[in-house]
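None of the values given here were measured: they were computed from a predicted structure.
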Amino acid sequence: MTVKDVFVSAPGKAILHGEHAVVHGKVALAVSLNLRTYLRLKGTTTGNVCINLPNIDTFLCYDLSELKQLIPVSCGKREEGKPLDAELVRKLREFIGVTNGNLDNCNMATLSFLYIYISLFGSSELPSLTVSVWSELPTGAGLGSSAAYSVCLASALLCASGAIPAPLKESDQSARWCQEDLEQINSWAFQGEMIIHGNPSGVDNAVGTWGGMLRFLAGKIIPLSRVPLLRILLTNTKVPRSTKFPSIMTPVLDSVDAISCTCEKILSEMTCEPITGEHYNILEELIDINQHHLNVMGVGHPSLDTLCQVTLTKGLHSKLTGAGGGGCGITLLRPETDSSVVQTTVQDLKDCGFDCWETSIGGPGVQQHSPLSVKEEVLEILNRY
């Protein structure tokens with residue numbers, strides 16, 4: 001069988017408020033990060049299935065006749081939401097030569113790809129194809145890079161297998177799937193995440209699928225229908241993240257919960273009435289209070305204090321996002337923040353040894369693209385393979 005070419009992308013994720021408090025039953029707000037992962041799926045006639053991951057220097061090809069031996073006897077269309085097929089995972093681990101527990105990024109990405117590919121095509125004929133992926137997200141920084149990858153894999157392979165239609169019409173630059181198809185994409189992406197992380201929360205792949213903002217509470221994930229697009233700086237301190245978390249006092253957690261709920265209310269107001277400076281004043285205040293709370297919880301780090309001090313000298317407000325103890329931070333930019341201020345801030349942060357990107361949060365989830373709508377530099381990388 002031959003498959004049609006598919007071009008897709010999915011966003012990363014940042015926690016706006018509620019990290020750490022969420023494990024104690026409090027609200028967390030996760031937002032899409034407009035640093036995206038792009039995937040190009042191309043039908044071929046080589047008799048191979050190939051995966052190219054230039055970010056992690058991985059270029060692999062497998063012979064279809066060998067992969068056919070791995071198809072489980074019971075391989076029909078696997079139902080969504082079912083646990084992983086342990087037998088297929090075992091066979092694939094053996095096949096790529098990782099029977100011990102330790103998987104590096106390359107092995108996890110390969111395993112995830114082959115698992116979804118065989119699960120979706122195994123009951124018919126395995127097609128010859130090449131998948132190439134390029135990501136703007138740093139790996140291992142807690143920004144949902146593996147989930148964006150899994151969402152791209154799921155959407156492209158579901159499309160190629162005919163399980164969901166391609167939403168892109170002839171004249172479209174980019175297009176989104178309907179709710180029902182997004183649920184299927186999310187479900188398969190979660191399977192990919194289970195292979196990579198073992199026991200993921202499902203938040204990262206949900207953000208990659210739906211985009212915008214999600215409310216996460218006690219294991220329930222609720223996409224919020226409309227949120228404003230906010231400009232931010234994202235800074236990676238490059239200090240390894242640490243998720244150790246001391247026992248702390250309940251009032252701090254209650255306050256973080258109130259911050260998440262207030263932020264959610266302000267953001268929904270900003271979508272249905274004119275955005276004012278007062279909205280941004282409140283968002284900045286919430287960022288400052290939450291950052292203080294996170295320091296009280298013991299998950300701060302001198303590198304994050306430096307980030308907050310450097311940005312505050314420019315009148316900008318920052319907080320850590322995710323695990324803390326290093327890792328990444330976000331800085332809110334107002335609509336009127338001048339580009340010269342942004343540029344000098346980025347330079348000052350780079351001078352501290354940090355990586356820094358100007359981007360936005362709250363943008364769309366997984367999309368199909370026409371090649372013309374994809375950034376030139378991304379297209380150039382993906383067209384090499």
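A donor atom on one side chain and an acceptor atom on the other are found under 3.5 Å apart for W210 and Q179. In this structure, a donor-acceptor pair under 3.5 Å is present between the side chains of R40 and N383. In the model, S145 has no side-chain atom that pairs as donor or acceptor with a side-chain atom of T139 under 3.5 Å. A side-chain donor from one of T44 and S128 sits under 3.5 Å from a side-chain acceptor of the other.
Between E87 and R90 there is a salt bridge, with a side-chain nitrogen of the basic residue lying less than 4.0 Å from a carboxylate oxygen of the acidic one. Salt-bridge formation is not detected for the pair K375/E377: no Lys NZ or Arg NE/NH1/NH2 atom is positioned less than 4.0 Å from an Asp or Glu carboxylate oxygen. For the pair D254 and K26, the salt-bridge criterion is met [side-chain N within less than 4.0 Å of a carboxylate O]. No salt bridge links D5 with K42; every basic N to acidic carboxylate O contact stays at or beyond 4.0 Å. Salt-bridge formation is not detected for the pair K350/D355: no Lys NZ or Arg NE/NH1/NH2 atom is positioned less than 4.0 Å from an Asp or Glu carboxylate oxygen.
Note that CG of D288 is 11.5 Å distant from NE2 of H293, once rounded to the nearest 0.5 Å. Between the CG atom of L267 and the CZ atom of R226 there is a distance of 12.5 Å, given to the nearest 0.5 Å. Note that the SG atom of C328 and the CG atom of N236 stand 4.0 Å from one another [nearest 0.5 Å].
Of the candidates I275, N281, L230, L283, R334 forms a side-chain contact (heavy atoms from CB on, under 4.5 Å) with just one, namely N281.
A 6.0 Å sphere centred on CD of E285 holds no more than 12 heavy atoms belonging to other residues, nucleotides or ligands. The 12-atom threshold is exceeded at NE2 of H279, counting heavy atoms of other residues, nucleotides or ligands nearer than 6.0 Å. By the 6.0 Å contact criterion, NZ on K314 is enclosed, its count of non-hydrogen atoms from other residues, nucleotides or ligands being greater than 12.
Two residues are said to be in side-chain contact when any heavy atoms from C-beta on lie closer than 4.5 Å; P138 and L143 meet this criterion. Residues Y62 and I96 are in side-chain contact: their nearest non-hydrogen atoms beyond the backbone lie under 4.5 Å apart. Using a 4.5 Å heavy-atom threshold, the side chains of H292 and I289 count as separate. For the pair L33/P11, no side-chain contact is recorded, criterion being any heavy-atom separation below 4.5 Å from C-beta on. Residues V366 and L182 have side chains in contact (heavy-atom distance under 4.5 Å, counting atoms from C-beta outward). In this structure, the side chains of F190 and S150 stay at 4.5 Å or more apart for every pair of heavy atoms. F216 has its side chain out of reach of I222: every pair of non-hydrogen atoms, C-beta onward, lies at least 4.5 Å apart. Using a 4.5 Å cut-off on side-chain heavy atoms (C-beta onward), L16 and T321 make no contact.
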>> The test is salt bridge (Lys or Arg N to Asp or Glu O under 4.0 Å); show your working for E336 and R231 and say whether it passes.
In response: CA-CA 10 Å; E336 68 272 17; R231 288 169 69 205; over 6 Å; no
>> Between E125 and K68, does the salt bridge (Lys or Arg N to Asp or Glu O under 4.0 Å) criterion hold? Intermediate values first, please.
In response: CA-CA 9 Å; E125 185 192 338; K68 279 174 189 158; 5.5 Å; no
>> Applying ring-ring contact (aromatic ring centres under 6.0 Å, His included) to F113 and Y149, what does each step give before you reach the verdict?
In response: CA-CA 9 Å; F113 164 63; Y149 169 73; 8.0 Å; no
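Using cut-offs of 30° and 60° on the angle between ring planes, the pair F7 and H369 is perpendicular.
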